[in-house]
Amino acid sequence: SQKIEQNSEALNIQEGKTATLTCNYTNYSPAYLQWYRQDPGRGPVFLLLIRENEKEKRKERLKVTFDTTLKQSLFHITASQPADSATYLCALGGRTGFQKLVFGTGTRLLVSP
Amino acid sequence: DSGVTQTPKHLITATGQRVTLRCSPRSGDLSVYWYQQSLDQGLQFLIQYYNGEERAKGNILERFSAQQFPDLHSELNLSSLELGDSALYFCASTEPTGDSNQPQHFGDGTRLSIL
């Protein structure tokens, strides 16, 4: 069955450093991948979408890579700030319309001042 | 603010009861998705509606049902509630292409607690 793995342990980093979060998947061939941010008690907020034919996508301090050979996506936050502390979810999407997104369980990021 | 509104924010009820969760999508969005989020399971897709029609079904129990009304708001009905149904229930909507290959805009959820 489809499986998405994100680090269940929290990632602790210092302000100003680059945070790198990993999303690995098996038994799936997604057409695209999305990253979301979720704060406690709030709904997920969309950050970035990357398609299978794209290697890298950037948006301000955020960068996402997508390696379909390794079946892995990396999510980077450069010059991290305490306000970046949150849980980050990756979600995989299928090849035809109306297919569900499959979400990972998320990785909690803690950025200390 | 995502523009997606969910009510109520909190719901406390007992086993065996029935509840209705309500979602209003962003203005202009035609698709509504329902998700369940529990501590050990993460976000689980339940069901999707597009312009009033059911489009995709996920791990939705037979005790659960949903519908989307002509004004595009949606309701998720949960019946014969069990302790394990305690979770956060999220609704999301997408732009009116009908394609799930779009960013999803989530409401802030309804927290359901079964006593």
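Lettering follows sequence order; numbering is per chain, from 1.
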Q | chain B contact residues among residues 48-59 of chain A, heavy-atom distance under 4.5 Å | A | A:Leu49, A:Arg51
Q) Among side-chain atoms of B:Ser24 and B:His73, is any donor-acceptor pair under 3.5 angstrom? A) no
Q) Are the side chains of B:Ile114 and B:Thr13 in touch, meaning some heavy atoms are under 4.5 Å apart? A) yes
**Q.** Exam field: side chain B:Ser38 to backbone B:Ala87, donor-acceptor pair closer than 3.5 Å
**A.** no
Q.
Quiz question: by atom type and distance under 3.5 Å, do the side chains of A:Gln38 and B:Gln37 form a donor-acceptor pair?
A. yes
Q. Is there side-chain contact between A:Phe66 and A:Pro30, with at least one heavy-atom pair below 4.5 Å?
A. yes
**Q.** Residue B:Gln6 versus chain A: region with a heavy atom under 4.5 Å
**A.** neither
Q: Measure A:Leu47 against the heavy atoms of chain B and call it side chain, backbone, both or neither at under 4.5 Å.
A: neither
Q) Can you check whether B:Thr15 reaches B:Leu83 side chain to side chain, under 4.5 Å on heavy atoms? A) yes
Q.
Given A:Cys90, which partner from the list A:Leu21, A:Leu74, A:Asn24, A:Leu33 fulfils the side-chain contact (heavy atoms from CB on, under 4.5 Å) test?
A. A:Leu33
